[in-house]
Amino acid sequence: MVTVTVPDGFQYVGAALVTTVWLLFYQVRKVGKFRRTSGVKYPQLYAEKAEVAASTEALKFNCAQRAHQGTLEFLPIIYPTALIAGLKFPHLAAASVAMWTIGRASFTRGYTTGDPDKRVTTLYKLSYIGLFGLLFTSTYVAGEWVVAGICSASKL
């Protein structure tokens with residue numbers, strides 16, 4: 001049986017994860033704003049090429065929609081790795097989530113200017129430090145669990 005003890009500092013992991021929810025609200029607001037100003041109607045997910053050629057607002061809508069979708073694609077990686085890493089290294093996990101969130105916010109801000117090249121900023125690169133910090137740390141923690149399980153099973 002594995003016992004999981006939540007360490008002191010784990011509350012910061014929870015707080016950092018809540019920032020991802022605020023990031024999503026920010027992105028949803030951007031998508032909604034540009035959907036209205038571009039005239040792209042539901043259920044159309046993106047503006048068509050002709051709409052983008054005719055309207056910078058349609059391009060901004062596509063950029064906002066893509067920034068939001070990209071964030072959604074990463075969350076299934078961020079959440080479990082943050083929780084696993086946070087069980088042993090809560091401050092590192094919280095800082096990594098914060099870096100990722102700040103980076104994604106910067107990415108969104110740059111992308112929604114309508115110039116996709118502006119999505120890659122110095123702050124955006126910070127998101128990869130956070131992402132890989134979570135990935136490596138959670139792998140280390142999970143690896144320790146597996147080794148501990150193998151060692152305890154071999155004692156039986």
Side-chain angles (χ1 to χ4, degrees), residues 1-35 38 45-47 52 56 58-156:
M1 174 184 266
V2 174
T3 303
V4 178
T5 303
V6 177
D8 288 336
F10 195 77
Q11 68 271 25
Y12 300 117
V13 177
L17 289 173
V18 169
T19 68
T20 68
V21 176
W22 287 105
L23 169 65
L24 291 173
F25 275 124
Y26 166 67
Q27 291 176 328
V28 165
R29 197 177 123 253
K30 287 276 198 185
V31 170
K33 171 188 171 188
F34 291 120
R35 182 179 288 280
S38 68
L45 192 56
Y46 289 98
V52 170
T56 58
L59 172 62
K60 289 178 183 180
F61 168 70
N62 280 359
C63 291
Q65 186 75 312
R66 187 64 205 120
H68 178 58
Q69 182 63 40
T71 299
L72 292 173
E73 290 164 2
F74 274 102
L75 287 178
I77 298 169
I78 297 300
Y79 287 3
T81 57
L83 294 172
I84 292 167
L87 287 172
K88 182 150 186 164
F89 303 103
H91 296 99
L92 177 60
S96 295
V97 172
M99 284 188 276
W100 183 81
T101 303
I102 290 166
R104 288 303 300 186
S106 177
F107 177 88
T108 302
R109 186 169 187 238
Y111 209 169
T112 57
T113 63
D115 180 357
D117 291 337
K118 291 184 179 176
R119 72 190 189 284
V120 179
T121 64
T122 302
L123 278 178
Y124 168 64
K125 293 174 186 176
L126 186 67
S127 70
Y128 281 98
I129 295 169
L131 173 67
F132 286 112
L134 290 171
L135 188 57
F136 293 136
T137 305
S138 63
T139 300
Y140 173 79
V141 171
E144 275 191 335
W145 292 344
V146 170
V147 169
I150 291 169
C151 290
S152 67
S154 67
K155 292 178 185 178
L156 298 176

Which residues pass the ring-ring contact (aromatic ring centres under 6.0 Å, His included) test with [X], sequence neighbours left out?
X: Phe107; answer: Tyr111, Tyr124
X: Tyr46; answer: none
X: Trp145; answer: none

Sort and list the pairs that fulfil salt bridge (charged side-chain N to carboxylate O under 4.0 Å, His left out) and have at least one residue in [range], not counting sequence neighbours.
range: residues 4-23; answer: none
range: residues 137-151; answer: Lys88-Glu144
range: residues 106-116; answer: none

Shortest non-hydrogen separation from [X] to [Y] and the atoms involved:
X: Cys63; Y: Pro116; value: SG-CG, 4.1 Å
X: Val28; Y: His68; value: CG2-CE1, 3.6 Å
X: Lys125; Y: Val120; value: CE-CG1, 3.9 Å
X: Asn62; Y: Ala47; value: OD1-N, 2.7 Å
X: Ala82; Y: Ala93; value: O-CB, 3.8 Å
X: Val31; Y: Gln65; value: CG1-OE1, 3.3 Å

Handout entry: Spacing of OG1 belonging to Thr108 relative to CD belonging to Gln27, to within rounding of 0.5 Å
Key =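 Rounded to the nearest 0.5 Å, the OG1-CD separation comes out at 3.5 Å.
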
Practice task
Kindly write out the residues that satisfy side chain to side chain contact (heavy atoms under 4.5 Å, CB included) with Tyr12, not counting sequence neighbours, or none if the list is empty.
Solution key: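 Once residues adjacent in sequence are excluded, the partners of Tyr12 under the side chain to side chain contact (heavy atoms under 4.5 Å, CB included) criterion are His91, Ala94.
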
Handout entry: Counterpart residues, side chain to side chain contact (heavy atoms under 4.5 Å, CB included), relative to Pro80 (two or more places apart)
Key = none

Practice task
Kindly determine whether Thr5 and Leu87 satisfy side-chain contact (heavy atoms from CB on, under 4.5 Å), including the steps that lead there.
Solution key: CA-CA 7 Å; Thr5 303; Leu87 287 172; over 6 Å; no

Problem - Criterion side-chain contact (heavy atoms from CB on, under 4.5 Å) on Leu17 and Leu83, from CA distance to verdict - result: CA-CA 9 Å; Leu17 289 173; Leu83 294 172; 3.8 Å; yes

Problem - Any residue meeting side chain to side chain donor-acceptor pair (under 3.5 Å) with Arg119, in chain and number order, not counting sequence neighbours - result: none

Practice task
Could you tell me which residues satisfy side chain to side chain donor-acceptor pair (under 3.5 Å) with Thr121, sequence neighbours excluded, listed by chain and number?
Solution key: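 Expected list: Ser106.
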
Exercise for the section: Could you please spell out the steps behind the side-chain hydrogen bond (donor to acceptor under 3.5 Å, both in side chains) verdict for Thr101 and Thr19? Expected result: CA-CA 7 Å; Thr101 303; Thr19 68; 3.2 Å; yes

Practice task
Check the side chains of Arg104 and Thr71 for a donor-acceptor pair under 3.5 angstrom, ignoring hydrogens and angles.
Solution key: yes

Practice task
Could I get the full list of salt bridge (charged side-chain N to carboxylate O under 4.0 Å, His left out) partners for Lys30, not counting sequence neighbours?
Solution key: none

Let me check something: any side-chain donor-acceptor pairs from residues 129-137 under 3.5 Å, sequence neighbours excluded? List them with distances.
unit_1: Thr137; atom_1: OG1; unit_2: Gly133; atom_2: O; d: 2.6

Handout entry: Heavy-atom side-chain contact between Val13 and Val97 under 4.5 Å
Key = no

Practice task
Would you check if Phe74 and Trp100 make a side-chain contact, meaning some heavy-atom pair closer than 4.5 Å?
Solution key: yes

Exercise for the section: Please lay out, stage by stage, how Val52 and Phe61 fare under the test side-chain contact (heavy atoms from CB on, under 4.5 Å). Expected result: CA-CA 9 Å; Val52 170; Phe61 168 70; over 6 Å; no

